[in-house]
Amino acid sequence: MNEQAGPSVDHAREPCPDRILDDIGGAFGMGGVGGGLWHLMKGMKNSPGGARFRGGIESIRREAPKIGGSFAVWGGLFSTFDCTLVALRKKEDPWNSIASGALTGGFLQLRTGMKSAARSAAFGGVLLAMIEGVGILLTRMTAPPPAPVPMVDMPGPSPSNSSRSAEINAVPIPEPVPESSAEPSSGGWSSWFGGKKAEEPAAPIKSHDLTEDRGIIKDRIYKSD
């Protein structure tokens, strides 16, 4: 029996719902570190001489948690929408991430009006599409080349033997010339020069009578006596 296939799993990420907590923590850390560096430079620039470093640290303490929290909210909503689409569509592909980015951007801007929410949704969808496209491109560029397919010898004559047999069959075989048993005709050129003399039948060989030899031998014996 064919069992119903479950949703495809992206092994590069945590499974749902653990993915939501993982993305919240990662987004908070990213926003806190990035925002902290930004406000460190900004605080040092706006502080008076001799207190620049203290002003930068005070700016990090005041602003970095806010930025980290905003990133955590965005990451948590994104993962929630992503896991919901995975459960509904029964598969994981880049379309889930693009739709989740659009839904997250639109949801966070609902309090400012539908027009602002639509613009934010479009921006979130385009941003996630660019991120997914770059990720797919890098994956294809860094992927190892596919292994060569081994050649399997099929039973039967090899191409060289078949071509050689075809060449042999293509050569015409000369037909044997039948020997002519008829006598050459007396007409034509042979009639002017007499033609070929007909062969006479050979005379029969006479058998030798041995009684005559015996009589001659006896006569010689008597004469010698």
Side-chain angles (χ1 to χ4, degrees), residues 1-43 45 56-150 152:
M1 295 179 63
N2 295 330
E3 298 180 356
Q4 185 178 2
S8 58
V9 179
D10 186 3
H11 297 282
R13 302 179 64 186
E14 294 290 334
C16 294
D18 297 339
R19 181 183 305 177
I20 299 175
L21 297 177
D22 184 69
D23 287 350
I24 289 174
F28 182 82
M30 186 185 300
V33 173
L37 292 175
W38 171 258
H39 284 284
L40 174 64
M41 301 299 296
K42 188 176 181 180
K45 180 180 179 181
I57 296 298
E58 183 67 23
S59 179
I60 290 174
R61 187 185 64 80
R62 185 178 60 252
E63 300 295 338
K66 296 179 182 180
I67 298 176
S70 299
F71 271 72
V73 171
W74 203 96
L77 285 175
F78 174 83
S79 297
T80 301
F81 285 123
D82 191 17
C83 290
T84 303
L85 292 175
V86 169
L88 293 176
R89 300 181 67 227
K90 303 298 183 183
K91 64 179 179 179
E92 290 194 49
D93 56 8
W95 292 110
N96 288 344
S97 299
I98 295 172
S100 299
L103 290 173
T104 302
F107 184 80
L108 291 176
Q109 293 295 324
L110 279 176
R111 59 182 179 177
T112 60
M114 293 300 296
K115 291 184 178 180
S116 178
R119 289 195 297 268
S120 181
F123 177 78
V126 172
L127 179 63
L128 264 297
M130 294 175 62
I131 294 174
E132 291 293 331
V134 172
I136 294 173
L137 182 61
L138 292 177
T139 302
R140 291 183 177 179
M141 291 177 62
T142 57
V149 180
V152 179

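What you find for I136 and P94 is that their closest heavy atoms are CD1-CG, 3.8 Å. Nearest heavy atoms, A27 versus G75: CB-CA, 4.2 Å. Taking each heavy atom of S100 and L85 in turn, the nearest pair found is OG-CD1, 3.6 Å. A pairwise comparison of heavy atoms in A72 and I24 identifies CB-O, 3.8 Å as the closest pair. Nearest approach of T84 to T80, heavy atoms of both residues: OG1-O, 2.8 Å. L77 and F107 make their closest contact through CD1-CD2, 3.7 Å (heavy atoms, listed as atom of the first residue, atom of the second, distance).
To the nearest 0.5 Å, the span separating CG on L37 from NZ on K42 amounts to 14.5 Å. Considering CD1 of I98 and CG of L103, their distance stands at 12.0 Å, rounded to 0.5 Å. Expressed to the nearest 0.5 Å, how far CD of E58 lies from CD of E63 amounts to 10.0 Å. Taken from CZ in F81 to OG in S97, the straight-line distance is 13.5 Å, to the nearest 0.5 Å. The distance from atom CG of L88 to atom SG of C83, rounded to the nearest 0.5 Å, is 11.0 Å. Within the model, atoms CD1 of I67 and CE of M30 stand 13.5 Å from one another, a figure rounded to the nearest 0.5 Å.
With hydrogens and angles ignored, the 3.5 Å screen pairs no side-chain donor or acceptor of S116 with any backbone N or O of Q109. A side-chain donor-acceptor contact under 3.5 Å links S120 to the backbone of G105. In terms of modelled atom types and a separation under 3.5 Å, the side chain of D82 and the main chain of E92 share no donor-acceptor contact.
With sequence neighbours excluded, the residues that form a salt bridge (charged side-chain N to carboxylate O under 4.0 Å, His left out) with D23 are R13. Residues that satisfy the salt bridge (charged side-chain N to carboxylate O under 4.0 Å, His left out) test with R89, not counting sequence neighbours, are D93.
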